[in-house]
Amino acid sequence: MSDTGTDSTKEISEEAHERSDFIREIIKEHNASGRFDGRVHTRFPPEPNGYLHIGHAKSICLNFGIAADFGGKTNLRFDDTNPLKEEREYIEAIKRDVVWLGFDWEDRLYHASEYFDQFYDFAVQLITDGKAYVDDLSAEEIRQYRGTLKAPGKESPHRNRSVEDNLDLFERMRNGEFGDGEKVLRAKIDMASGNINMRDPTIYRIKHAPHPHIGDKWCIYPMYDFAHCLSDSLERITHSICTLEFEDHRPLYDWYLDQLGVFHSQQIEFARLELNYTIMSKRKLLALVKEGSVSGWDDPRMPTIMGLRRRGFTPESIRDFCDRIGVAKRMDSVVDIALLEHCLREDLNKRAPRVMAVLNPVKLVIDNYPEGQVEEFDADNNPEDDSAGTRKIPFTREVYIERDDFMEDPPKKFFRLAPGREVRLKHAYYVTCTDVVQDDAGEIVELHCTYDPESRGGGTPDGRRVKGTLQWVSVPHAVDAEVRLFDRLFNKPDPEEKGEDFRANLNPESLVTMTHCKVEPSLANAEPESRYQFLRHGYFCADMRDTKPGQPVFNRTVSLRDTWAKMQKK
RNA sequence: UGGGGCGUCGUCAAGCGGUUAAGACACGGGCCUUUGGAGCCUGCAUCCCAGGUUCGAAUCCUGGCGCCCCAGCCA
């Protein structure tokens with residue numbers, strides 16, 4: 001087998017992997033036609049009203065990734081036009097998540113709220129041009145006047161106020177002369193449009209509320225459609241990438257920019273990410289938090305960036321996942337979470353140091369091993385990476401092994417320990433089970449075996465093979481640990497299948513806490529967020545909040561693929 | 001005839017008139033293995049339907065069918 005083959009193969013495949021999707025195609029066309037003079041400038045525009053989730057990661061990777069591909073730039077812009085829903089706390093959390101994911105907006109951090117003066121002027125311009133008017137109708141009346149999906153709306157009685165009156169009224173709105181909801185500024189477009197967004201959409205509404213970013217300077221706030229296109233324009237964004245629900249808003253996006261005669265960004269819509277076995281709606285995730293179904297936004301079962309991080313995901317694996325799912329316009333597509341898990345395992349396999357941990361211990365006594373003797377074995381830290389080196393692990397007469405690794409009456413394909421059966425203790429010796437000690441209830445309390453001194457290091461001169469290899473931890477050296485086994489949050493691919501309430505499909509076994517697990521001594525002071533592969537179990541991450549020196553707490557990030565478990569299911 | 005969008009393997013997704021219809025995940029078979037991990041080999045779609053254009057169509061045209069989004073002073 002050639003050791004040099006892998007590297008060159010990898011280089012070739014990485015070069016061959018040139019992303020192509022309909023958005024990049026559009027950009028190439030723009031570059032060819034010179035529409036933006038070859039410039040590519042994107043933005044990631046979160047509203048600071050909640051935490052980022054894996055769906056946002058797709059958008060972040062797309063926006064930053066496209067800019068990087070075309071030698072362009074990406075802005076981070078907070079779309080903070082609704083002070084009632086937004087909080088400062090979210091701003092910092094979002095920034096932290098974007099950085100953690102590995103992206104850099106450099107000096108281009110913006111807030112839509114910092115453009116409010118300019119937005120106001122643009123609104124005045126619209127009024128002056130006779131393209132916007134102040135309406136006195138109530139929210140309810142406006143809704144009624146809007147018509148329905150199939151029937152056209154009707155014009156507001158205030159639609160044809162004079163420019164002077166509109167200007168005066170709008171200024172008075174700004175000055176706080178009216179209460180919330182008393183008046184709005186509306187665009188004068190077409191109440192009969194088939195596109196409801198064009199039926200005289202609201203531009204400004206009155207909200208006597210301080211803004212988390214700019215304080216109490218304003219009591220009128222612009223709507224998304226007005227603010228977003230103009231923010232893009234002011235920042236000279238070339239490609240304004242958003243999700244499919246905004247496709248219907250594009251005519252309005254274009255209308256504002258055209259009427260105002262300002263720089264015209266191109267809005268492009270793509271399908272947001274949906275994943276099976278989870279939910280992505282901020283509102284529903286919030287419900288899980290509030291109802292105590294999870295411990296918080298950073299619960300390791302949450303699809304939030306902070307949840308994934310705490311679970312032990314690497315930013316690299318998330319970026320890889322976002323690359324692999326592609327970008328398209330099929331709104332009802334659902335990505336298999338198995339792909340996310342695959343990306344994770346692939347990344348962790350290459351970099352996570354291997355350690356031995358016994359989650360559900362049973363004591364194994366090696367009767368012919370000298371009492372009080374301690375041997376140290378060299379263990380490779382990562383068979384996938386020689387540079388990871390080795391470490392010493394202590395071995396003694398008594399070790400813990402996994403309870404599941406012994407069966408008194410094993411089925412045919414069980415390769416592990418059983419009476420009279422010989423297995424290898426990883427890195428150490430071959431042992432043969434000689435006795436089983438049970439308590440009155442029949443519970444196994446201790447196993448006995450003999451070892452073969454010739455098999456030191458895990459192989460024998462006679463070359464005989466054993467079918468099973470078990471991980472173990474020396475009893476006197478074992479460190480107690482708490483281990484949290486996480487599984488999918490929901491037990492159905494679609495938690496809302498046939499209109500069911502997602503709460504009904506929560507997986508009751510999504511968290512199983514194991515205490516008194518035994519881990520090797522090197523893990524006693526595991527650094528928060530450090531990741532490991534627990535041999536034969538899976539990938540684990542020291543909990544960033546709860547792990548303490550000498551009292552480690554580990555989260556299972558993802559289990560190893562388990563073909564044995566798969567065979568058992570058959 | 002409200003408006004908009006989408007229909008290619010179980011899933012995501014390439015394909016842009018001539019390809020054996022990419023690739024990945026999942027799944028199946030085998031090899032290998034001091035992790036039943038990893039790795040390696042291998043199997044796995046004729047493109048929503050029906051007509052039409054063409055020497056030739058997943059790709060073009062026509063007509064159906066299906067699914068999704070939109071009636072916040074939310075984003």
Side-chain angles (χ1 to χ4, degrees), chain A residues 1 6 16-17 20-21 25 45-47 49 79 81-82 84-85 135 137-139 142-144 146-153 180-186 192-199 201-207 221 223-225 227-228 242-251 269 271 276 282 324-343 345-346 349-350 354 356 379-380 383-384 413-416 424-428 430 455 457-459 465-471 493 533-538 559-567:
Chain A
M1 176 181 161
T6 43
H17 176 68
S20 174
D21 52 63
E25 289 306 314
E47 183 190 11
N49 70 341
D79 215 343
T81 56
N82 187 350
L84 263 27
K85 293 194 174 177
D135 199 350
L137 256 31
S138 68
I142 286 181
R143 192 171 65 76
Q144 282 166 359
R146 187 156 34 227
T148 68
L149 291 177
K150 298 195 175 177
D180 289 5
E182 273 185 46
K183 290 189 170 19
V184 290
L185 181 70
R186 293 228 262 168
S193 172
N195 182 343
I196 286 182
N197 294 301
M198 302 299 271
R199 316 234 268 229
T202 301
I203 300 175
Y204 266 94
R205 71 294 212 185
I206 299 170
K207 284 178 191 286
Y221 292 94
M223 295 287 289
Y224 164 86
D225 290 298
H228 203 91
C242 61
T243 49
L244 249 26
E245 317 84 84
F246 293 101
E247 214 154 18
D248 289 341
H249 294 240
R250 183 161 17 104
E269 313 83 13
N276 58 16
K282 274 187 199 171
R324 294 207 208 192
I325 55 178
V327 185
K329 297 192 68 155
R330 288 161 60 176
M331 191 179 263
D332 37 13
S333 69
V334 179
V335 176
D336 191 343
I337 198 162
L339 179 59
L340 215 208
E341 294 172 346
H342 168 81
C343 294
R345 289 192 182 104
E346 188 176 79
N349 177 50
K350 282 181 292 194
R354 272 56 170 176
M356 297 207 283
D380 49 347
E384 304 291 320
K413 295 265 190 171
F414 188 80
F415 297 157
R416 312 173 192 178
R424 171 169 40 235
L425 293 179
K426 176 85 177 174
H427 303 304
Y430 286 5
S455 65
R465 323 281 283 205
V466 287
K467 293 283 260 185
T469 300
L470 314 183
Q471 82 279 14
Q533 184 197 98
F534 285 7
L535 232 54
R536 301 209 305 135
H537 278 300
S559 66
L560 249 23
R561 288 189 60 213
D562 190 346
T563 51
W564 168 242
K566 205 175 283 179
M567 283 166 67

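Per chain, numbering begins at 1; letters A, B, ... match sequence-line order.
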Please work out if [X] contacts a base, only the sugar-phosphate, or nothing of the nucleic acid, heavy-atom cut-off 4.0 Å.
| X | value |
| --- | --- |
| A:Leu137 | base |
| A:Pro383 | base |
| A:Ile142 | base |
| A:Thr148 | base |
| A:Tyr204 | nothing |
| A:Val466 | nothing |
| A:Arg354 | base |
| A:Gln533 | base |
| A:Asn82 | sugar-phosphate |
| A:Met223 | sugar-phosphate |
| A:His427 | base |

Suppose you measure atom [atom1] in [N] against the same atom in [M]; what distance do you get, rounded to whole Å?
| N | M | atom1 | result |
| --- | --- | --- | --- |
| B:G23 | B:C16 | P | 16 Å |
| B:A26 | B:A21 | P | 26 Å |
| B:G43 | B:G7 | P | 29 Å |
| B:A57 | B:C48 | P | 15 Å |
| B:C68 | B:A24 | P | 32 Å |
| B:G29 | B:A38 | P | 15 Å |
| B:U46 | B:U59 | P | 15 Å |
| B:C9 | B:C25 | C1' | 12 Å |

*What about A:Glu384, does its side chain sit under 3.5 Å from the base of B:G37 through a donor-acceptor pair?*
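Such a pair is found, so the answer is yes.
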
*asked:* Between B:G3 and A:Asp248, counting only base atoms on the nucleotide and side-chain atoms on the residue, is there a donor-acceptor pair under 3.5 Å?
replied: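 For A:Asp248, whose side chain was compared with the base of B:G3, there is a donor-acceptor pair (under 3.5 Å).
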
[X] side chain near [N] phosphate (N/O to OP1/OP2, under 4.0 Å):
| X | N | answer |
| --- | --- | --- |
| A:Arg199 | B:G3 | no |
| A:Arg330 | B:G5 | no |
| A:Lys282 | B:A75 | no |
| A:Arg146 | B:C73 | yes |
| A:Ser193 | B:G2 | no |
| A:Arg561 | B:A38 | yes |
| A:Ser138 | B:C73 | no |

*Kindly label the base of B:G4 as syn or anti, based on whether its glycosidic torsion lies within 90° of 0.*
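Anti, which is what one calls it when the glycosidic angle falls more than 90° from 0.
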
Heavy atoms only: give me the nearest [X]-[Y] pair and the separation to one decimal.
| X | Y | answer |
| --- | --- | --- |
| A:Ala227 | A:Thr81 | CB-CG2, 3.5 Å |
| A:Arg324 | A:Cys343 | NE-SG, 3.8 Å |
| A:Ser193 | A:Met198 | OG-CB, 3.6 Å |
| A:Arg186 | A:Arg199 | NH1-O, 3.6 Å |

*Is any side-chain N of the basic residue among A:Glu47 and A:Lys85 closer than 4.0 Å to the acidic one's carboxylate O?*
no

Minimum-distance nucleotide to [X] side chain [options: [options]]:
| X | options | answer |
| --- | --- | --- |
| A:Arg536 | B:G36, B:C25, B:A75 | B:G36 |
| A:Asp332 | B:U33, B:A24, B:C67 | B:C67 |
| A:Arg465 | B:U8, B:G37, B:U33 | B:U33 |
| A:Arg205 | B:A14, B:A13, B:A75 | B:A75 |
| A:Phe414 | B:C69, B:G36, B:C25 | B:G36 |
| A:Ala338 | B:C25, B:A75, B:C74 | B:C25 |
| A:Ser20 | B:G72, B:G15, B:C74 | B:G15 |
| A:Glu247 | B:C73, B:G5, B:C12 | B:G5 |
| A:Ile196 | B:C25, B:C73, B:C70 | B:C70 |
| A:Ile325 | B:G36, B:C12, B:G37 | B:C12 |

Across all strands shown, which nucleotide pairs with [N] by Watson-Crick or G-U wobble geometry, both distances under 3.5 Å?
| N | answer |
| --- | --- |
| B:C67 | B:G5 |
| B:A45 | none |
| B:C60 | B:G52 |

_Reading RNA chain B from 5' onward, which residue's closest nucleotide shows up sooner: A:Arg345 or A:Lys467?_
A:Arg345

_On RNA chain B, does the nearest nucleotide to A:Ala271 precede the nearest nucleotide to A:Lys183 from the 5' side, or the other way round? Give the residue._
A:Ala271

Specify the separation, in whole Å, of atom [atom1] of [X] and atom [atom2] of [N].
| X | N | atom1 | atom2 | result |
| --- | --- | --- | --- | --- |
| A:Leu244 | B:G7 | CG | P | 11 Å |
| A:Asp21 | B:A13 | CG | P | 11 Å |
| A:Glu346 | B:A24 | CD | C1' | 10 Å |
| A:Lys150 | B:G3 | NZ | P | 10 Å |
| A:Asn197 | B:G4 | CG | C1' | 10 Å |
| A:Leu560 | B:G37 | CG | P | 8 Å |
| A:Asp336 | B:A13 | CG | P | 13 Å |
| A:His249 | B:G3 | NE2 | C1' | 12 Å |

*Are A:Leu470 and A:Arg536 close enough, and set up right, to give a side-chain contact (heavy atoms from CB on, under 4.5 Å), and what steps lead you there?*
CA-CA 8 Å; A:Leu470 314 183; A:Arg536 301 209 305 135; 3.5 Å; yes

*Donor-acceptor pair, A:Arg143 side chain versus A:Ser138 backbone, under 3.5 Å?*
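Not confirmed, A:Arg143 side chain does not pair with A:Ser138 backbone.
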
*Please check if the side chain of A:Arg424 supplies one atom and the backbone of A:Ser455 the other of a donor-acceptor pair under 3.5 Å.*
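Side chain of A:Arg424 to backbone of A:Ser455, a donor-acceptor pair under 3.5 Å: no, none is there.
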
*Are A:Trp564 and B:G36 stacked, counting the six-membered base ring, centres under 5.5 Å, planes under 30°?*
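By the stated criterion, A:Trp564 and B:G36 stack.
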
*Are any non-hydrogen side-chain atoms of A:Lys282 and A:Asn49 less than 4.5 angstrom apart?*
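A:Lys282 reaches A:Asn49 side chain to side chain.
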
